[in-house]
Number of protein chains: 2
Amino acid sequence: MDPSIDCCQYKEGIVAVATSSPTVVPTSPAQVDACCPAPLQDTALGEAEAVDLARRFAALSDPVRLRLLSLLATAADGAICVCDLVEPVGKSQPTVSHHLKVLREAGLVTSEKRGTNVWYAAVPAALEALRDVLAPRR
Amino acid sequence: MDPSIDCCQYKEGIVAVATSSPTVVPTSPAQVDACCPAPLQDTALGEAEAVDLARRFAALSDPVRLRLLSLLATAADGAICVCDLVEPVGKSQPTVSHHLKVLREAGLVTSEKRGTNVWYAAVPAALEALRDVLAPRR
DNA sequence: CGAGTTCATCGACGTGCGTCGATGCGTGTG
DNA sequence: CACACGCATCGACGCACGTCGATGAACTCG
């Protein structure tokens, strides 16, 4: 993977919002290559933008991933370790790990290793970016 | 079919548009148990809600469908016939028809037959409903 | 009525995805 | 140091999805 994404200017919003949640674990320098969204109802999507957007929406197109993301987004302390995610979604540990990887590669969550465990946290700015794509016409 | 409409406005929009044309293809084949979106960052998603949401996000997980939806959402007169959608996306007519069906069954677009042609239009309220799911925590 | 147009459906093919058991790697613990 | 634990990766399987040519249904026009 590691596609050379050059669609638009980068993650200024993500960094800015990330600093607004102090209790969230300082995420590892994993690069969140979240491209800025194109306004869906304003101008027609180009092919490259459509491919990028489709990839991010695809991360939300699975019930297990949506539940995982919801669990992370509603976590009291902002992060949950994998061992505490397996039971709630009712899937095997490899399956949960796979879905978390998909979410991470889509920039929707971040992971941080603390000792034996790995803690995942949602990235609110990434959801906000996708939200802007669905914004109504100005 | 035709259960009581007690959900969100996005469904009303579909019904309203659907009833305006008698020969319209039925938008959804009698399902939609949990239509109203749950706030993703407020409470943890249940399994049924997750399945329903995943189905709608899946409609946005394909580049061709995103471009079709964008074309419809930015249409000057609010609707485009199929014959004018085939060339812009660069796919065969059956493929375009297939993607439009997926979008229609997800409630994101509506179709109306006018003479020989079939005109598709975006449902802004459906996009707004999905947008609410991605809303930040209150 | 017959020819032409528009769109949906069908059948088929190749690919990708979700899933799980088995395995490997890194990290604490006795 | 040996063992247990947590998580990622691998390999494999089954199924769903995207795609297109061919066909069919509905409509228009001459």
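Just so it is clear: chains get the letters A, B, ... in the order the sequence lines come, proteins before strands, and each one is counted from 1.
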(message) Please report the interatomic distance CG(A:Leu134) to CD(B:Glu128), rounded to the nearest 0.5 Å.
(response) 8.5 Å
(message) Rounding to an integer number of Å, can you tell me how far A:Leu103 CG sits from D:dC7 P?
(response) 16 Å
(request) Rounded to the nearest angstrom, tell me the gap between atom CD in B:Glu105 and atom C1' in C:dT9. (result) 13 Å
(request) Can you sort out which residues in residues 72-85 of chain B have a heavy atom within less than 4.0 Å of DNA chain C? Ascending by number, please. (result) B:Cys81, B:Val82, B:Cys83
(request) Please report, rounded to the nearest Å, how far the P atom of C:dT27 is from the CD atom of A:Glu112. (result) 14 Å
(message) For C:dC20 and A:Ser92 - does any side-chain N or O of the residue sit under 4.0 Å from the phosphate oxygens OP1/OP2?
(response) yes
(request) Take atom NZ of A:Lys101 and atom P of C:dG18, then tell me their distance rounded to the nearest Å. (result) 13 Å
(request) Nearest whole angstrom, please: distance from the P of D:dA4 to the CG of A:Asn117. (result) 18 Å
(request) Under 4.0 Å between any heavy atoms, over every strand shown, what does B:His99 touch: base, sugar-phosphate, or nothing? Just pick one. (result) sugar-phosphate
(request) Please confirm whether the backbone N or O of B:Thr43 pairs with a side-chain atom of A:Thr74, one donor and one acceptor, at under 3.5 Å? (result) no
(message) With a 4.5 Å cut-off on side-chain heavy atoms, are B:Leu130 and B:Leu60 touching?
(response) yes
(message) Heavy atoms only, 4.0 Å cut-off, all strands: where does B:Arg114 land among base, sugar-phosphate and nothing?
(response) nothing
(message) I need the A:Leu85 CG to A:Leu72 CG distance, nearest 0.5 Å.
(response) 5.5 Å
(request) Could you check how far CZ of B:Arg55 sits from P of C:dC17, rounded to whole Å? (result) 20 Å
(request) Establish, with yes or no, whether the OP1 or OP2 oxygen of C:dA8 is under 4.0 angstrom from a side-chain nitrogen or oxygen of B:Ser97. (result) yes
(message) Taking 4.0 Å as the cut-off, does a side-chain nitrogen or oxygen of A:Lys91 come that near to OP1 or OP2 on C:dT19?
(response) yes
(message) Pick the closest DNA chain C nucleotide for A:Asp62 and for B:Thr95 by heavy atoms, then say which residue is nearer the 5' end.
(response) B:Thr95
(request) Taking only the side-chain nitrogens and oxygens of A:Tyr120, find out if one of them lies under 4.0 Å from OP1 or OP2 of D:dG6. (result) no
(request) To the nearest Å, give me how far apart CG (A:Leu100) and P (C:dT19) are. (result) 12 Å
(request) Round to the nearest Å and state the distance from A:Gln93 atom CD to D:dC5 atom P. (result) 14 Å
(request) Answer yes or no: does a side-chain N or O of B:His98 lie under 4.0 Å from OP1 or OP2 of D:dT19? (result) no
